[in-house]
Amino acid sequence: DLEEAFRLKGEMVERGFVLDNFTYNTIVSGLCRANRMREANGVLNDMVEGGLSPDLVTYNALIDGYSREGNIWKAFEVYNGLVMKGIKADIHTYGALMNGVCKAGKMEEARILIKEMLLHGVIPNVISYHSLCKAYCDQGNMEAAILVRDEMLERGVTPDVAFYSVLIGGLCKTGEMETSMQLLHEMLDKRLTPDEITYTTLIDGYCRIGNCSEAVMLLSQMVETGCKPNVVTYTSLICGMCQAGKMEEANKLFEEMQTINLLPNEWTYSVLINGYVNARNMQDAFRVHDELVKSGVIPNVVIWNTLISGLCKTGRVAEAVGLLEPMQSNGLMPDYVTYTTLIAGYCKSRNFHEALKLWNEMINNGLIPDAATYNALLYGYCIEGSIGEAVELLNEMMQIGISPN
RNA sequence: GUUAUGAAAUGCGC
């Protein structure tokens, strides 16, 4: 709650307190985490004007902020700046940088960074390796991800529960559930206690390969070992049931979670609605929507998009477009997924003119289409027989740096 | 007292 934090800061100043580095760093960090880098830099200036010198913690927060927003270049600029000032970078500095390069998938840079930290006498810790391993997992390079575990063991760094959860998650995403389970047992052998995230990851993995019964067994196993399932755990399971077309089971779990005081959130509701959408059961989809509103949950963009997608899939494109109004009057702007859904809906019902109108509306709203959005419109042009236009659009997407898939 | 890491939902032809 940054606004409340600012209010308190104002109150401090009013009462004559002098703000120190701790106070400023807390604020800078909060802004950086919220992706508000401009304001963070403003606060940095306030610090300097107030006669304070930003310290390592301040710079670390900035590096973290730039890394989070994918601005690696700026992150390294701050890093170089602090090195030039003679400040010694610490494990947090490198952790934030590592997080940045890894999230950007720049694996070679990540390797160089590890060398750089060793050069500066900073020993990579479990978090450094965690970022590295997660990046390999995100790329689906599970061999490299597993090698990270071996590498850290060689360097005497002990994997923790979070590290194992990442590795297990990567294997789950590639469907390698046997290896995932082996790692779970490896954790237990090492006296590491899997937590709710570890179990949820595995449950989600089994759901993804359509093995709901294993997923349910893992749920009872986690409860037996004293690990409490949370909303995410149940949402994953409900999602698995929905994908398997088991709506009755999904609803049972939906009721069950509430009996143990777990409140369904936007994600839970959207999963259920999507289940009904895939079953082409719009009546129940809207019933769940009404239920969620009644229970005080505010529908988010995904929930609206899911309903819009359902209406398109059932040939009710005009009604789908009709949801744009109530959506906006509820303070939610349609995003590029909303438009892709509607454009595809119109193209499928051979109403290319409306599709094109929506495309223009989307661009006018400042939304950036992605490959799927282009695909939807390309499809429209092609079934219109406007191959020339399609090729032109294809060139356009490549020119603005979107790779055709 | 302030700084780095992990899990779930929606869209694109066949």
Side-chain angles (χ1 to χ4, degrees), chain A residues 20-30 32-33 55-65 67-68 90-100 102-103 125-134 137 160-170 172 195-205 207-208 230-240 242 265-275 277 300-310 312-313 335-345 347-348 369-380 382-383 405:
Chain A
D20 63 4
N21 273 27
F22 281 105
T23 322
Y24 274 113
N25 288 345
T26 308
I27 293 170
V28 170
S29 158
C32 289
R33 290 186 146 270
D55 56 20
L56 182 60
V57 174
T58 327
Y59 292 120
N60 285 350
L62 285 172
I63 292 173
D64 175 47
S67 285
R68 276 177 204 282
D90 68 0
I91 191 72
H92 296 279
T93 320
Y94 289 108
L97 286 172
M98 186 63 109
N99 191 25
C102 286
K103 287 232 164 90
N125 64 5
V126 63
I127 298 180
S128 325
Y129 287 113
H130 178 126
S131 299
L132 192 65
C133 182
K134 171 125 177 45
C137 289
D160 60 8
V161 175
F163 181 88
Y164 269 104
S165 300
V166 165
L167 198 49
I168 287 172
C172 286
D195 62 12
E196 70 276 19
I197 298 185
T198 321
Y199 278 112
T200 302
T201 306
L202 283 160
I203 287 171
D204 183 60
C207 287
R208 280 179 198 281
N230 60 22
V231 183
V232 181
T233 317
Y234 270 94
T235 303
S236 298
L237 254 180
I238 293 171
C239 181
C242 288
N265 62 17
E266 302 94 316
W267 289 64
T268 323
Y269 282 109
S270 74
V271 161
L272 251 190
I273 294 175
N274 192 47
V277 163
N300 62 14
V301 186
V302 174
I303 291 175
W304 285 100
N305 287 350
T306 309
L307 289 169
I308 288 172
S309 151
C312 287
K313 282 178 176 150
D335 63 7
Y336 64 100
V337 174
T338 321
Y339 281 104
T340 307
T341 311
L342 290 169
I343 289 167
C347 289
K348 264 184 258 178
D370 71 356
T373 321
Y374 273 100
N375 289 348
L377 196 64
L378 280 170
Y379 172 71
C382 290
I383 55 172
N405 59 19

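Atom set for the values below is all heavy atoms of this structure, side chains included, hydrogens, waters and symmetry mates excluded. Below, read A as the first sequence line, B as the second, and so on, with proteins coming before strands; counting in each chain starts at 1.
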When all nucleic acid strands are considered with a 4.0 Å heavy-atom cut-off, which category describes A/I308: base, sugar-phosphate, or nothing? nothing
Using a 4.0 Å heavy-atom cut-off across all strands, classify A/V161 as base, sugar-phosphate, or nothing. base
So what does A/T201 hit on the nucleic acid, given a heavy-atom distance under 4.0 Å: a base, only sugar-phosphate, or nothing? sugar-phosphate
Assign A/V57 to base, sugar-phosphate, or nothing according to its heavy-atom contacts below 4.0 angstrom with the strands shown. base
Using the test side chain to side chain contact (heavy atoms under 4.5 Å, CB included), find all partners of A/D20 that sit at least two apart in sequence or belong to another chain. A/F22, A/T23
A/N305 backbone acceptor or donor facing A/S309 side chain under 3.5 Å: no
Can you name the side chain to side chain contact (heavy atoms under 4.5 Å, CB included) partners of A/T340, sequence neighbours left out? A/A372, A/T373, A/A376
Extract, from 5' to 3' on RNA chain B, the first and final nucleotides lying under 4.0 angstrom from some heavy atom of chain A. B/G1 to B/G13
My understanding is that only residues two or more places apart in sequence, or in another chain, count here; which of them pass ring pair (Phe, Tyr, Trp, His ring centres under 6.0 Å) with A/Y94? A/Y79
Quick one: side chain to side chain contact (heavy atoms under 4.5 Å, CB included) partners of A/T200, sequence neighbours excluded? A/N230, A/V232, A/T233, A/S236
Can you name the residues that form a side chain to side chain donor-acceptor pair (under 3.5 Å) with A/T268, not counting sequence neighbours? A/T235, A/N265
Students often get this wrong, so: under 4.0 angstrom with heavy atoms, is A/V232 touching a base, only sugar-phosphate, or nothing? base
Answer with base, sugar-phosphate or nothing: what part of the nucleic acid does A/D335 contact at a heavy-atom distance below 4.0 Å? nothing
